[in-house]
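Count residues from 1 along the sequence.
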Amino acid sequence: MSPPRPAKVISQEDPTGAMGPKRIAHHVAIRMILLVMAMALLAGCAVAPSRNPLPEELSSQMMYDGIHIPNVRWWGDALPKDLIEKYAETRDQLEMQDPETFNRPIHYLAISGGGSNGAFGAGLLNGWTVAGNRPYFHMVTGISTGALIAPFAFIGPEKDHILKEFYTTTSTKDILKKRWIFAHLRREAGADSTPLQNILKDIIDGPLIEQIAAEHKKGRRLFIGTANLDAGRPVMWNIGAIADSGHPEAIQLIRDVLLASASIPGMFPPVLIKVRAGEETFDEMHVDGGTANQVFLYPASLDERQAKKELGIKGKSHLWIIRNGFIDPRFEIVPNKAAQIAGRSVGLLIRTQANGDLQRLYLQTQNDKMAYNLAFIPDSFNEKSNEDFDPVYMRKLFDLGFEMAKQGFPWQNSPPGFEN
């Protein structure tokens with residue numbers, strides 16, 4: 001008779017006597033937690049760039065680092081202190097280039113923000129050229145995606161092909177590089193804007209800067225809007241004056257301004273623009289101009305009729321506004337989730353802000369006896385974008401703007417709430 005076999009010891013942690021399913025799951029969970037913690041620590045190692053912000057008391061003394069240009073920019077919510085001198089400079093330039101300008105109509109173009117919806121404005125400008133009645137703009141302003149359009153609209157139809165290519169072939173990966181989710185804890189934005197910076201290096205080149213400078217000398221003006229987060233105020237940048245300075249760093253400053261104007265807070269990193277006050281170097285934090293205005297022309301306190309009198313201009317003024325977005329609200333069922341609720345709320349805020357800007361500009365034109373012309377994406381456009389910058393969506397929107405302008409765009413003479 002064989003001796004009895006010893007009883008098998010059963011562990012409560014391992015009821016099978018080996019590494020059973022529960023034990024395996026436990027180990028996997030621990031390893032996953034450790035992996036996630038390690039990734040979070042690695043992400044935390046890459047922190048946002050340090051700052052040396054310009055103190056408020058030195059703001060009146062600062063100069064842009066390496067670029068000593070007067071009248072580079074001014075606050076978008078107040079008149080420049082040297083307004084009379086600006087009038088005199090512009091008048092002299094106009095008189096020297098073409099004295100007949102004083103008797104011709106004056107045309108202003110204001111291009112709004114709107115992200116990938118900028119494809120609508122790009123298509124409209126291309127179609128307007130084909131229609132043969134696109135005006136010669138004496139002043140062009142741009143915000144956010146409108147800032148990327150404005151330099152090419154300012155130069156004129158010969159740059160239409162650049163707008164077409166950018167707004168019909170660009171995808172999200174061409175604009176930004178998304179970061180690992182844990183980078184949001186320590187970084188200044190959820191994405192890296194290096195891809196967009198590389199695009200700006202290609203399209204904002206030396207020959208374009210020379211063309212902008214040449215047009216500035218004729219008395220034409222190109223303004224781009226950003227928001228100075230430290231000051232909490234909108235900023236109007238005189239791009240023509242920067243281009244005309246001839247400074248070797250001017251081209252990079254212009255690229256930085258365009259990048260800042262299009263840098264949506266939270267998605268794109270802010271742009272830290274170097275300035276000097278005395279012997280010390282500081283920085284200013286600039287972001288998407290759309291945080292302050294969706295579209296702009298000039299400070300509301302400016303009397304355009306008085307400005308024309310100072311300049312000696314007798315022709316009637318016309319304002320053309322391209323709103324790269326919808327005017328009327330669009331019904332959309334919102335899931336009861338934080339991200340969707342926040343996204344829908346921000347979209348509502350932007351649309352309401354944009355409509356307020358359109359109404360403000362309308363009241364300015366009424367006061368200044370100026371013709372008001374507004375273009376926007378019609379409600380009949382129901383295509384959906386599958387990503388932040390969806391080239392399929394953008395091509396369809398570009399084609400819509402192109403065809404509408406080619407056939408004679410139905411410009412509106414009043415904004416929402418002021419229908420005639």
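In this structure a side-chain-to-backbone donor-acceptor pair under 3.5 Å is present from E387 to T172. In this structure, the side chain of N126 engages the main chain of A122 through a donor-acceptor pair within 3.5 Å. With T170 contributing its side chain and F166 its backbone, the two residues share a donor-acceptor pair below 3.5 Å. Of the possible polar contacts, one joining the S112 side chain to the N324 backbone as a donor-acceptor pair under 3.5 Å is found. Q412 places a side-chain N or O within donor-acceptor distance of the main-chain N or O of P410, the cut-off being under 3.5 Å. Looking only at distances, a side-chain donor or acceptor of R220 sits under 3.5 Å from a matching main-chain atom of F154.
Within 6.0 Å of the CD atom in Q366, the count of heavy atoms belonging to other residues, nucleotides or ligands exceeds 12. The local environment of NZ in K406 is sparse, with at most 12 non-hydrogen atoms from other residues, nucleotides or ligands closer than 6.0 Å. In this structure, K314 places its NZ atom where only 12 or fewer heavy-atom neighbours from other residues, nucleotides or ligands lie under 6.0 Å away. By the neighbour-count criterion of 12 heavy atoms within 6.0 Å, atom CD of E56 is sparsely surrounded, having that number or fewer from other residues, nucleotides or ligands.
With V271 as the fixed residue, the side chain to side chain contact (heavy atoms under 4.5 Å, CB included) test singles out one of D283, L259, V287: L259. For the side chain to side chain contact (heavy atoms under 4.5 Å, CB included) test with H216, the passing option among T90, D244, I242 is D244; the others fail. W320 pairs in a ring-ring contact (aromatic ring centres under 6.0 Å, His included) with only one of the listed residues (Y136, W128, Y372), which is W128.
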* **Criterion side chain to side chain contact (heavy atoms under 4.5 Å, CB included) on I239 and F223, from CA distance to verdict** => CA-CA 6 Å; I239 300 300; F223 298 119; over 6 Å; no
* To do: Start with the C-alpha gap between S317 and E304, add the side-chain angles, then the distance that decides, and say whether side-chain hydrogen bond (donor to acceptor under 3.5 Å, both in side chains) holds.
  => CA-CA 9 Å; S317 296; E304 200 260 353; 2.7 Å; yes
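Side-chain contact between D288 and P265: present, with at least one pair of heavy atoms (C-beta onward) separated by less than 4.5 Å. Residues D256 and Q252 meet the side-chain proximity criterion, which asks for heavy atoms closer than 4.5 Å.
No close placement of the H318 and W411 rings is indicated, their centers lying 6.0 Å or farther apart. Two rings, from Y393 and F381, have their centers less than 6.0 Å apart.
Looking at D390 and R395, no side-chain N of the basic residue comes within less than 4.0 Å of a carboxylate O on the acidic one, giving no salt bridge. A salt bridge between R255 and E249 is absent, with no side-chain N of the basic residue lying under 4.0 Å from a carboxylate O of the acidic one. Contact check on D160 versus R134 returns a salt bridge, with a Lys/Arg side-chain nitrogen under 4.0 Å from an Asp/Glu carboxylate oxygen. Electrostatic pairing of D357 and R360 counts as a salt bridge here, judged by a charged N lying under 4.0 Å from a carboxylate O.
Taking the six-membered ring where tryptophan is involved, the planes of Y362 and F418 are tilted, since the angle between them lies from 30° to 60°.
Checked by atom type, the side-chain pair Q306/E310 shows a donor-acceptor distance below 3.5 Å.
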